[in-house]
Engineer: 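I'd like to ask you about the structure that follows.
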Amino acid sequence: MSESLPLLRADCANCFALCCVALPFAKSNDFAVNKPAGTPCKNLQQDFRCGIHTRLRDQGFRGCTVFDCFGAGQQVSQVTFGGRDWRAHPETRGAMFDVFPVMRQLHELLFYIDQALGLPDAAPVHPGLRRLLSETQEWTRADADALAALDVAALRGRINTLLLETSELVRAKVPGRKKNHRGADLMGARLSGANLRGANLRGAYLIAADLSRADLRTADLIGADLRDANLRGADLRGAVFLTQPQLNAAQGDQHTQLPTPLTHPTHWL
């Protein structure tokens, strides 16, 4: 991550538990209960810490363990609202909870741009990416009213155009014919040991897919749904636009090879 960027991973100690309050969740395999947006989770303590943090999976809150705000929580808490928390300053509640999802999208976009700028093969689009990086950074420092009015979809569209070009440039260096599974329904697919090197898996549904020992080097995985995907022994080195939340939602082991700076989730065996 560039030194000029804000921290693009959650720093919960400097956040007012925004993900535990602002966001809704529905009772499912990921959450034990229903919770509407703007309502504190029943496990949230007065100090903004989770009362079952070490037991989330056991207590039916697996969804919490795979979520990452890309650092948006502390940005909203400490920068946008200057350290004023929603409990001590209840007048901030509505605006703070509305802005948090916007900021998360901005930080996620910064993550992708930063990753693209670190890829030498994407040099032809680096100038455009730098301009959008600067613009997106400026938005992360905007006030709550400006953020609430921001057309994030339009900004994402402009950035995505260059991310697509980045993907094409990087994957073009991979020899041989590359598979195109963009947006494909591969839920539960048996892809153990598959050669997916340089594949286009953007937005693919890979829920519970068996990707054990698959070659996913330099594959484009932006937006791919890897919930419960089996990545044991898979090679993901150089995978393009892979995020830590995607890995957190998947299954893997010590033999799963990852690109820097991503790490093996603690629940992997």
Side-chain angles (χ1 to χ4, degrees), residues 1-9 68 70-72 75 102-142 150-184 186 194-206 211 214-226 231 234-247 257-263:
M1 187 178 68
S2 169
E3 292 183 1
S4 65
L5 289 178
L7 184 66
L8 298 180
R9 61 177 180 272
D68 193 306
F70 290 94
Q75 186 75 8
V102 176
M103 189 69 76
R104 186 186 183 277
Q105 292 185 70
L106 293 175
H107 275 229
E108 183 181 20
L109 291 170
L110 286 176
F111 172 87
Y112 290 137
I113 296 172
D114 186 57
Q115 189 174 119
L117 287 171
L119 298 170
D121 290 331
V125 295
H126 282 179
L129 286 167
R130 290 192 187 96
R131 287 191 292 272
L132 285 170
L133 180 76
S134 178
E135 180 181 343
T136 307
Q137 282 183 282
E138 284 298 314
W139 277 115
T140 66
R141 295 188 284 266
L150 173 63
D151 187 346
V152 185
L155 177 61
R156 181 181 289 275
R158 289 161 53 209
I159 292 172
N160 191 52
T161 297
L162 294 185
L163 297 182
L164 279 166
E165 292 184 45
T166 296
S167 174
E168 294 295 330
L169 289 166
V170 172
R171 293 185 301 108
K173 300 292 183 178
V174 178
R177 185 176 180 181
K178 277 78 70 178
K179 293 182 174 63
N180 184 3
H181 295 303
R182 182 177 182 181
L186 296 172
N195 178 11
L196 294 169
R197 187 178 181 189
N200 184 349
L201 292 164
R202 296 172 66 90
Y205 296 94
L206 290 160
L211 291 161
D215 186 352
L216 289 155
R217 287 176 292 171
T218 322
D220 184 347
L221 287 162
I222 194 169
D225 193 335
L226 293 172
L231 297 175
D235 191 346
L236 290 149
R237 289 175 294 174
V240 185
F241 305 130
L242 179 65
T243 68
Q244 192 65 48
Q246 285 174 299
L247 293 175
Q257 299 185 74
L258 303 178
T260 304
L262 303 182
T263 60

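Along the sequence shown, residues carry numbers from 1.
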Engineer: Decide yes or no on side-chain contact (heavy atoms from CB on, under 4.5 Å) for T218 and V170, but give the supporting numbers first.
Structural biologist: CA-CA 8 Å; T218 322; V170 172; 3.5 Å; yes
Engineer: Please answer whether the main-chain N or O of L119 pairs with a side-chain N or O of H126 as donor and acceptor at a distance below 3.5 Å.
Structural biologist: yes
Engineer: Please report the shortest heavy-atom distance between V240 and Q115, naming the atom on each side.
Structural biologist: C-OE1, 3.5 Å
Engineer: Using the side chain to side chain donor-acceptor pair (under 3.5 Å) rule, collect all pairs that involve residues 157-171, keeping only residues at least two apart or in two chains.
Structural biologist: E135-R158, N160-R202, S167-R171, S167-D220, E168-R171
Engineer: Of all the heavy-atom pairs spanning L221 and A239, show the shortest one and how long it is.
Structural biologist: CD1-CB, 4.0 Å
Engineer: Please report the shortest heavy-atom distance between L169 and A122, naming the atom on each side.
Structural biologist: CD1-CA, 3.9 Å
Engineer: Applying side chain to side chain contact (heavy atoms under 4.5 Å, CB included) between R197 and each of D215, D235, L216, report the one that passes.
Structural biologist: D215
Engineer: First locate atom CZ of R156, then atom CG of L163, and finally report the distance between them rounded to the nearest 0.5 Å.
Structural biologist: 9.5 Å
Engineer: Return the CD1 to CG distance between I222 and N200, rounded to the nearest 0.5 Å.
Structural biologist: 10.5 Å
Engineer: Using the side-chain contact (heavy atoms from CB on, under 4.5 Å) rule, take L109 and L132 through it: C-alpha gap first, then chi angles, then the decisive distance, then the call.
Structural biologist: CA-CA 10 Å; L109 291 170; L132 285 170; over 6 Å; no
Engineer: Any side-chain to backbone donor/acceptor pair from E108 onto F70? Under 3.5 Å, distance only.
Structural biologist: no
Engineer: Under 3.5 Å, is there a donor-acceptor pair between the side chain of Q75 and the main chain of T140?
Structural biologist: yes
Engineer: For G198, does its backbone N or O pair with a side-chain atom of K173 as donor and acceptor, under 3.5 Å?
Structural biologist: no
Engineer: Check whether any side-chain heavy atom of H181 lies under 4.5 Å from a side-chain heavy atom of L196, and answer yes or no.
Structural biologist: yes
Engineer: Are the side chains of I113 and L162 in touch, meaning some heavy atoms are under 4.5 Å apart?
Structural biologist: no
Engineer: Other residues, nucleotides and ligands only: do more than 12 of their heavy atoms fall within 6.0 Å of CZ on F241?
Structural biologist: yes
Engineer: Would you give the length of the straight line joining atom CG of L247 to atom CG of D68, rounded to the nearest 0.5 angstrom?
Structural biologist: 11.5 Å
Engineer: To the nearest 0.5 angstrom, please state how far the CG atom of L110 sits from the CD atom of Q105.
Structural biologist: 12.0 Å
Engineer: Can you give me the closest heavy-atom contact between L262 and L242, atom names plus distance?
Structural biologist: CD1-O, 3.5 Å
Engineer: Using side-chain contact (heavy atoms from CB on, under 4.5 Å), reason through I159 and Y112 one step at a time and then give a plain yes or no.
Structural biologist: CA-CA 9 Å; I159 292 172; Y112 290 137; 5.7 Å; no
Engineer: What's the spacing between T243 OG1 and L8 CG if we round to 0.5 Å?
Structural biologist: 12.0 Å
Engineer: Testing the basics here: between T136 and L106, what is the closest heavy-atom pair and its distance to 0.1 Å?
Structural biologist: CG2-O, 3.7 Å
Engineer: Between Q244 and R9 (side chain of the first, backbone of the second, donor and acceptor by atom type, cut-off under 3.5 Å), is there such a pair?
Structural biologist: no
Engineer: What is the minimum heavy-atom distance between A234 and L211, and which atoms define it?
Structural biologist: CB-O, 3.5 Å
